[in-house]
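As structure tokens, the structure follows; a few thoughts come after it.
It should be emphasised that the depicted structure is a prediction, and the values quoted were computed from it without experimental measurement.
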Amino acid sequence: MVDEHGPASQPMNLRLLLLGAPAIENDGRVAALPFERRHQLLVYLALRRDWVARAELAALLWPDLPAAHAYTNLRKSLHRAQTQRWSAAIESEGTALRCLLPTDVATFEQALREGRQGRAAALRGAELLRGFDDAGNEAWTAWLSYERERVRIAWRGAALAALGATRDGLAHAEAAALSVRLLEADPLDEAALRAHLQVLAAGGQLAPARQAFRDYAARLKSELGLEPGREL
């Protein structure tokens, strides 16, 4: 851990993979980050990408403990992290910590900001921080649920935009795979089905398109008691 007022020099060639089961990439080699407090601390700081007060971190990770005990546990987690190469990326300034390691989430969000919707849609392969649920910690659960939904909504928008815009230059196979992923994320998403049907129709796959519509109509009727919209 670095203790200074200026930006810390980052450990070279380290990158966090947070979409899916968390892992760290080091010179092309990927190692899993098991669910434990020091890794919760790391991924939280990496997603925040800003200074976070130690008091906030202690309350987030040990909400049921008195403040003094929570602070002690935070210090212990930081001490145990010193055996890991990534610990050099955690900066300390007074009563706050931050981590600016590159992440796949940051790459995804940069592609969104730059209007590269096809690139952004291709980057999200799985649920954010899969396996890092903490059922006994309401504060962590609320934060993680919010972050997952935020990323999911952003990805859905990027995927629909990529499928509806020719400028992304998606090949038919790529577009078909992306439309399938949209439906897998939410089988009742009418906009996703519309995009899927358009991709199939553009490829001359009319029989699969009709079957996809029938499957959707059956799910909608079974789960919600509704019929597909007339436009669809």
Side-chain angles (χ1 to χ4, degrees), residues 14-25 30-53 56-64 74 77 81 86 89-90 97-163 177-193 195-196 219 223-224:
L14 291 184
R15 179 170 177 259
L16 287 172
L17 307 176
L18 306 179
L19 295 170
I24 189 160
E25 187 177 34
V30 176
L33 293 174
F35 177 76
E36 55 185 66
R37 286 292 183 261
R38 61 180 176 176
H39 294 152
Q40 280 183 281
L41 174 64
L42 172 65
V43 300
Y44 182 81
L45 289 173
L47 283 170
R48 285 286 300 270
R49 298 191 66 79
D50 199 359
W51 293 106
V52 182
E56 178 182 338
L57 293 167
L60 174 72
L61 297 177
W62 296 276
D64 297 329
L74 178 60
S77 291
W86 53 258
I90 297 183
L97 302 173
R98 76 173 177 181
C99 176
L100 299 180
L101 273 179
T103 71
D104 52 356
V105 175
T107 303
F108 166 75
E109 292 173 336
Q110 181 178 354
L112 286 178
R113 288 193 299 271
E114 295 173 353
R116 295 183 293 129
Q117 310 301 334
R119 171 61 174 159
L123 284 169
R124 182 180 180 267
E127 181 181 61
L128 177 70
L129 299 181
R130 189 177 66 218
F132 265 49
D133 299 87
D134 190 349
N137 186 334
E138 291 184 7
W140 177 267
T141 297
W143 169 78
L144 183 55
S145 296
Y146 174 82
E147 287 297 309
R148 283 175 173 169
E149 185 67 2
R150 180 182 67 82
V151 172
R152 185 196 69 79
I153 290 173
W155 175 79
R156 177 183 180 273
L160 288 173
L163 290 170
L178 182 55
S179 67
V180 168
R181 286 174 59 198
L182 269 170
L183 276 176
E184 288 175 344
D186 183 357
L188 297 180
D189 187 340
E190 184 170 317
L193 178 67
H196 183 56
R219 284 194 301 270
E223 297 187 28
L224 300 180

### Message
If you apply the rule side-chain contact (heavy atoms from CB on, under 4.5 Å), what do you find for D104 with L16, and how did you get there?
### Response
CA-CA 7 Å; D104 52 356; L16 287 172; 5.9 Å; no

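- If you take CH2 on W51 and CG on L97, they are separated by 7.5 Å, rounding to the nearest 0.5 Å.
- For Q40, the side-chain contact (heavy atoms from CB on, under 4.5 Å) partners are F35, R37, L61, F132, D134, W140, not counting sequence neighbours.
- Between the SG atom of C99 and the CG atom of L47 there is a distance of 10.0 Å, given to the nearest 0.5 Å.
- With sequence neighbours excluded, the residues that form a side chain to side chain donor-acceptor pair (under 3.5 Å) with E56 are Y44, R48.
- Residues passing the side chain to side chain donor-acceptor pair (under 3.5 Å) test with R150 are E109, E147, sequence neighbours excluded.
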#### Entry: Residues L163, L182; criterion side-chain contact (heavy atoms from CB on, under 4.5 Å); working and verdict
CA-CA 11 Å; L163 290 170; L182 269 170; 3.6 Å; yes

### Task
Show your working on side-chain contact (heavy atoms from CB on, under 4.5 Å) between L17 and I24 and close with a plain yes or no.
CA-CA 6 Å; L17 307 176; I24 189 160; over 6 Å; no

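- Residues D64 and G136 come closest through the heavy atom pair OD2-O, 4.2 Å.
- Annotation for P187 and R219: closest pair O-NH2, 3.2 Å, computed over non-hydrogen atoms.
- Listed here is the closest heavy atom pair of T107 and R15: OG1-NH2, 3.9 Å.
- Closest non-hydrogen pair, L14 versus P102, comes out as O-CD, 3.5 Å.
- A donor-acceptor pair under 3.5 Å is absent between the side-chain atoms of D133 and the main chain of A135, judged by distance alone.
- Proximity of E138 to P63: side-chain heavy atoms (C-beta onward) are nowhere separated by under 4.5 Å.
- Applying the side chain to side chain donor-acceptor pair (under 3.5 Å) rule to D189 yields the partners R156; only residues at least two apart in sequence or on another chain are considered.
- Every side chain to side chain donor-acceptor pair (under 3.5 Å) that E114 has, sequence neighbours left out, goes to Q110, R116.
- Across L128 and R148, no two heavy atoms sit closer than the pair O-NE, 2.8 Å.
- Residue L45 is tested with L100, D50, I90 for a side-chain contact (heavy atoms from CB on, under 4.5 Å); the sole match is I90.
- Listed here is the closest heavy atom pair of H196 and S179: ND1-OG, 2.8 Å.
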### Task
Report the C-alpha distance between T103 and L19 in whole Å, list the side-chain angles of each, state the deciding distance to 0.1 Å, and finish with yes or no for side-chain contact (heavy atoms from CB on, under 4.5 Å).
CA-CA 9 Å; T103 71; L19 295 170; over 6 Å; no

### Query
After noting the C-alpha distance and the side-chain angles of R152 and E149, does the key distance pass the salt bridge (charged side-chain N to carboxylate O under 4.0 Å, His left out) rule?
CA-CA 5 Å; R152 185 196 69 79; E149 185 67 2; 2.9 Å; yes

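- Applying the 6.0 Å contact sphere to CD of E36 captures more than 12 heavy atoms from other residues, nucleotides or ligands.
- By the side-chain contact (heavy atoms from CB on, under 4.5 Å) test, A154 pairs with F108, L112, sequence neighbours left out.
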